[in-house]
There are 2 protein chains.
Amino acid sequence: MNQDKQQKRKAQILDAALRVLVQKGYDSSRIDDIVKESGMSKGAIYWYYKSKKEVYLALVDHWVHRYSVTLNHIVEEKRPAADELKDLFNFFIAQYESDTVVFKALLEFWSLAGRDEDFHQKLQLVYSDFLYLIQKILELGKKSGEFKDIDITATALSIMINIEGMIWFTLFDVNDLTPRRYIQTITDFILAGLQKKSH
Amino acid sequence: MNQDKQQKRKAQILDAALRVLVQKGYDSSRIDDIVKESGMSKGAIYWYYKSKKEVYLALVDHWVHRYSVTLNHIVEEKRPAADELKDLFNFFIAQYESDTVVFKALLEFWSLAGRDEDFHQKLQLVYSDFLYLIQKILELGKKSGEFKDIDITATALSIMINIEGMIWFTLFDVNDLTPRRYIQTITDFILAGLQKKSH
DNA sequence: TAAACTAGACCGACCAGTCGGTTTAGTTTA
DNA sequence: TAAACTAAACCGACTGGTCGGTCTAGTTTA
């Protein structure tokens, strides 16, 4: 069986695992749920992954890989820092509007990171990279004279937290506030705080 | 047995439940863990609460009640909106610095809200109230002419998300960034975005 | 024909909640 | 005031069910 087919099979398992994860949470998600959801057999799942935990660790990698391609692309081409930030926000809006399930899963992984060292290590790395990426944008804006002299680390974290905060919309209602309007508001807000007055 | 003793017993259970919750997560937390942690017997716990779920639902109420006293106090006395906001932030810094365990538990409750209707309803209410409180402060600042004409709902949510974002520090490391420095940075940031230029 | 499966029985560990019984604190009786 | 009584508070062994992971015996795919 070729690599492609194997990748498809793995993706089939991970897709099922993702759906199960957001419905039940990690601890209450059953291998048999993944069996049902994926349409594969228990044997097949244990053929590709050696344990339940391995499945979910692979799920993190799967999505990190998907996201990092686009994210790195945003920073690579040199443009005004403000535009790069906007692209970043827009990417996550688009992501949210096309499918909220990944955001829901994220919450579960945060929770897991708090009590499992393997998940903690993996996510620590993911977030270090993500923060580094935002910091690069901020530094760029600072060096080019586009941005004020702000605390880059703290600002980067705030930006990240506001993006991750979209999880909130998957959980609760806020009057008629949409993620799009939310992100647009905080984009304006953040840029107002960052940019030097141009007049 | 008098009310006081009963309340003490319940607090003893809830304290233990909180510690167990952050160590194991909801689904993997065992009644026997609470037994061990509280020094009480299984029978005693089931005497006060009819199920595991009831214990944790009571835990939410317990802390909501504790927090709401202070929070409402901050808004009650009429002072400049910026000062009220600062007090809000300072309250959560103090809270975090004295004990991070409640922040960790919060994450678990968010996760639970995503898959359990009872927890969802309870937290929806908690957050509606909290958002309402922040909105009141923002409206106050707007009416008094202290603040610009911002999107109150979206700004309130962003403030809340940045506060809740302190959870991040219980999970991961960011270079040498502390919650205090983080909150101070975003306080400046937010106030800069909100306040009218005073010169 | 070897790898990639399917179906599902099975094992051992684990655990929420129950229940029969005991203790404690307080009240009534004689 | 001491014995008898009562109900709340509490104890912990036990049960019925659950589930991750294994394994077997056969089938399909490339």
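The chains referred to below are lettered A, B, ... by the order of the sequence lines, with proteins before strands, and numbering in each begins at 1.
The separation between I31(A) atom CD1 and dT18(D) atom P is 18 Å, rounded to whole Å. R9(A) has its CZ atom 10 Å from the C1' atom of dT6(C), to the nearest Å. With rounding to whole Å, Q7(A) atom CD is found 12 Å from dA4(C) atom P. Here dT29(D) presents its C1' atom at 16 Å from CG of D4(A), a figure rounded to the nearest Å. In this structure, Y49(A) atom OH and dG21(D) atom P are separated by 15 Å, rounded to whole Å. For the pair R30(A) CZ and dG8(C) P, the interatomic distance rounds to 21 Å; values are reported in whole Å. In this structure, I45(A) atom CD1 and dT22(D) atom C1' are separated by 15 Å, rounded to whole Å. Rounded to whole angstrom, the span from the CG atom of D32(B) across to the P atom of dA16(C) amounts to 7 Å.
You'll find that the side chain of Y46(B) is closest to dG17(C), out of dG17(C), dA30(D), dT6(C). Between dG21(D), dA7(C), dC10(D), one nucleotide has an atom nearer to the side chain of Y48(B) than all others, and that is dC10(D). Out of dA8(D), dG17(C), dC11(D), the shortest distance to the side chain of W47(B) is found at dA8(D). The side chain of S51(A) has dG21(D) as its nearest neighbour among dG21(D), dA16(C), dT6(C).
Between dG20(D) and K52(A), a contact under 4.0 Å exists linking OP1 or OP2 to a side-chain N or O. The shortest distance between the side-chain N/O atoms of Q6(B) and the OP1/OP2 oxygens of dA8(D) is not below 4.0 Å.
Using a cut-off of 4.0 Å between Lys/Arg side-chain N and Asp/Glu carboxylate O, K142(A) and E139(A) are scored as not salt-bridged. Ion pairing between a basic and an acidic side chain is recognised when a charged N comes within 4.0 Å of a carboxylate O; D27(A) and R115(A) show such pairing. Using a 4.0 Å cut-off between a side-chain N of Lys or Arg and a carboxylate O of Asp or Glu, E77(B) and R79(B) qualify as a salt bridge.
K42(B) contributes a side-chain N or O that forms a donor-acceptor pair with the base of dG17(C) under 3.5 Å.
T185(A) places a side-chain N or O within 3.5 Å of a backbone atom of R181(A) that can act as its donor or acceptor partner.
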Could you go through Y127(A) and F109(A), starting from their C-alpha distance and side-chain angles, then the distance that decides it, and tell me whether this counts as ring pair (Phe, Tyr, Trp, His ring centres under 6.0 Å)? CA-CA 12 Å; Y127(A) 282 112; F109(A) 287 124; over 10 Å; no
What's the verdict on ring pair (Phe, Tyr, Trp, His ring centres under 6.0 Å) for Y56(B) and F119(B), showing C-alpha distance, side-chain angles and the deciding distance? CA-CA 9 Å; Y56(B) 285 107; F119(B) 282 101; 7.5 Å; no
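If you check dA30(C) for Watson-Crick or wobble pairing at under 3.5 angstrom, you find it paired to dT1(D). Applying the Watson-Crick and G-U wobble criteria (two distances, each under 3.5 Å), dA13(C) pairs with dT18(D).
Checked against I167(B) for a side-chain contact (heavy atoms from CB on, under 4.5 Å), the options T100(B), L106(B), V102(B) give a single hit: L106(B). Looking at F89(B), F103(B), W168(B) one by one, the single match for ring pair (Phe, Tyr, Trp, His ring centres under 6.0 Å) with Y96(B) turns out to be F103(B).
When heavy atoms are screened at a 4.0 angstrom cut-off, S28(B) is found touching no nucleic acid atom at all.
Where M40(B) and K53(A) each meet DNA chain D at their nearest nucleotide, the meeting point lying more 5' is that of M40(B).
Within residues 12-23 of chain B, no residue approaches DNA chain C, by heavy-atom distance under 4.0 Å.
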